[in-house]
Protein chains: 2
Amino acid sequence: MSRSSVIAPFQTERHDHSSCRRDALARAEDICLRKGLRLTELRRRVLELVWSGHEPVRAYDLLDQLRGERRGAAPPTVYRALDFLQEHGFVHKIESLNAYVGCAEPADRHGGQFLICRRCKAVAELDDPAIHDTVQRRAEASGFLVQGQVIEVTGLCPRCAADPAAPQPHAHEH
Amino acid sequence: MSRSSVIAPFQTERHDHSSCRRDALARAEDICLRKGLRLTELRRRVLELVWSGHEPVRAYDLLDQLRGERRGAAPPTVYRALDFLQEHGFVHKIESLNAYVGCAEPADRHGGQFLICRRCKAVAELDDPAIHDTVQRRAEASGFLVQGQVIEVTGLCPRCAADPAAPQPHAHEH
DNA sequence: GTCGGTGATGTTATGGTATAACCACAACAG
DNA sequence: CTGTTGTGGTTATACCATAACATCACCGAC
Ligand SMILES: [Zn+2]
Ligand SMILES: [Zn+2]
Ligand SMILES: [Zn+2]
Ligand SMILES: [Zn+2]
């Protein structure tokens, strides 16, 4: 058996998410220290907010939260922090949702493959070589030079598929 | 040899694009006739505009063109037409560009797999079973119930990869 | 020390994408 | 004729993202 390609699996309803968040921040701090990157207070806080759950977070939701904490927060505030975090692999953008999720394995650069639950909104991240290589090979078969892959699969996570009536612990409030 | 999985290949610099456009419109008219769908003047015109080239077209570019032809054109005008065309498979949305391309094989419903040239902006569409099945299998291996796939590959088309200095026949004017 | 460069953030404004809500009207079935 | 449905007009607003310039902290050169 090779290692699982699931690098951020769907979570059980009552997992200890504070440890997810803590681990992600610790990893980011470690990587920035080793690479000489500046994980400033703002960038650290935005990463922490993105890790408030396993659902993609929208930029203006982040902005609303920042406005409650920081004088003068504006769209560029959050987009610049997100740019930094994306550039160094700490968060991914979900193109089909215009929203952002934390990456659980930022150490190695990867495009990311995402399973997005339509019902509970949770996202799991794969880094499956079979998917990556198949896409790469079939694109090259058309003479195309591949530089990046966007792979976003929508559907139902195991829990929502099993019990469509179950509560949705992570659903956004509106 | 099985049939090629490329359903909308990259075009040569000087292909007869008016026949691409004409064929796409004829196919759409035929399908709508057989399915009892109403390809109205507006919808037909939007489809024609989307087929102005092989590059994704933005909704507000369509709107600008409609405004020159039609009194009272507004965002809902174009988005409603695009909704119809997407729903019935005549156009696809490129999520990573927020733009729309015509589909050359609208007969069978498919998510579409897109090769997007960063340089000339042209898009080729694949409908590769190997990609589709690999994504399906690997997602199911995580217990995920797949409902839709977004596959968008960015890079360089054969012509741009071969000659990075060549002119870009389809580039948008600004 | 202070000068100047660099990178991060503040600040204002704008551009780009998409939908809500309500209205008018045509086509059609009962 | 009348109610229903589908299409598009119209107005307004929400949501997503960047441009451009100002300010400030930091740090090394001198
Ligand atoms: Zn968690
Ligand atoms: Zn779910
Ligand atoms: Zn063509
Ligand atoms: Zn190209």
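Atoms considered below: every heavy atom in the structure, side chains included; atoms not considered: hydrogens, waters and symmetry mates. Just so it is clear, the structure is predicted and the values come from calculations on it, not from any experiment.
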Round to a whole Å and report the spacing from CG of A:Asp64 to P of D:dA14. 13 Å

A:Tyr79 side-chain N/O to D:dT18 phosphate OP1/OP2 under 4.0 Å: no

Separation of atom CG in B:Leu66 from atom P in D:dT7, rounded to whole Å: 17 Å

Classify the angle between the aromatic ring planes of A:Phe84 and A:Phe90 as parallel (below 30°), tilted (30 to 60°) or perpendicular (above 60°). tilted

Between D:dT11, C:dT9, D:dT18, which nucleotide has the shortest distance from any of its atoms to the side chain of A:Arg70? C:dT9

Which residue lies toward the 5' end of DNA chain C, B:Arg38 or B:Ala99, if each is placed at its nearest nucleotide? B:Ala99

C:dA27 P sits how many Å from B:Glu41 CD, rounded? 15 Å

I'd like to know if the side chain of A:Glu105 and the backbone of A:Cys103 have a donor-acceptor N/O pair within less than 3.5 Å. no

Checking all strands, does B:Phe84 fall into the base, sugar-phosphate, or nothing category for heavy-atom contacts under 4.0 angstrom? nothing

Rounded to the nearest angstrom, tell me the gap between atom CG in B:Asp61 and atom C1' in C:dA18. 15 Å

Decide, applying a 5.5 Å centre-distance limit and a 30° plane-angle limit (both strict), whether A:Tyr60 stacks on D:dC15. no

Closest to the side chain of B:Thr77, out of D:dT7, D:dG9, C:dT9, is D:dG9

Can you tell which of C:dT11, D:dC16, C:dT19 lies closest to the side chain of A:Arg71? C:dT11

Are A:His92 and A:Tyr100 an aromatic pair by the rule of ring centers under 6.0 Å? no

N/O (side chain, A:Lys93) to phosphate O (OP1/OP2, D:dA17) under 4.0 Å: yes

Between D:dG8 and B:Arg43, is there an OP1 or OP2 to side-chain N/O distance shorter than 4.0 Å? yes

Separation between CG of B:Leu47 and CG of B:Leu39, rounded to the nearest 0.5 Å: 7.0 Å

Taking only side-chain N and O atoms of B:Asn98, does any of them lie within less than 4.0 angstrom of OP1 or OP2 on C:dG16? no

Nearest to the side chain of B:Pro76, which nucleotide is it out of D:dA17, C:dT11, C:dT19? C:dT19

Between the side chain of A:Glu152 and the main-chain N/O of A:Ser96, is any donor-acceptor distance below 3.5 Å? yes

Roughly how many Å is it from CZ in A:Arg58 to P in C:dT17, rounded to a whole number? 19 Å

Donor-acceptor pair (no angle test) under 3.5 Å: A:Arg80 side chain, C:dG10 base: yes

Starting at CG of A:Leu42 and ending at C1' of C:dT11, how long is that distance when rounded to a whole Å? 15 Å

On DNA chain D, nearest-nucleotide positions of B:Leu37 versus B:Gly72: which is more 5'? B:Leu37

A:Leu82 CG to C:dT9 C1': how many Å, rounded? 15 Å

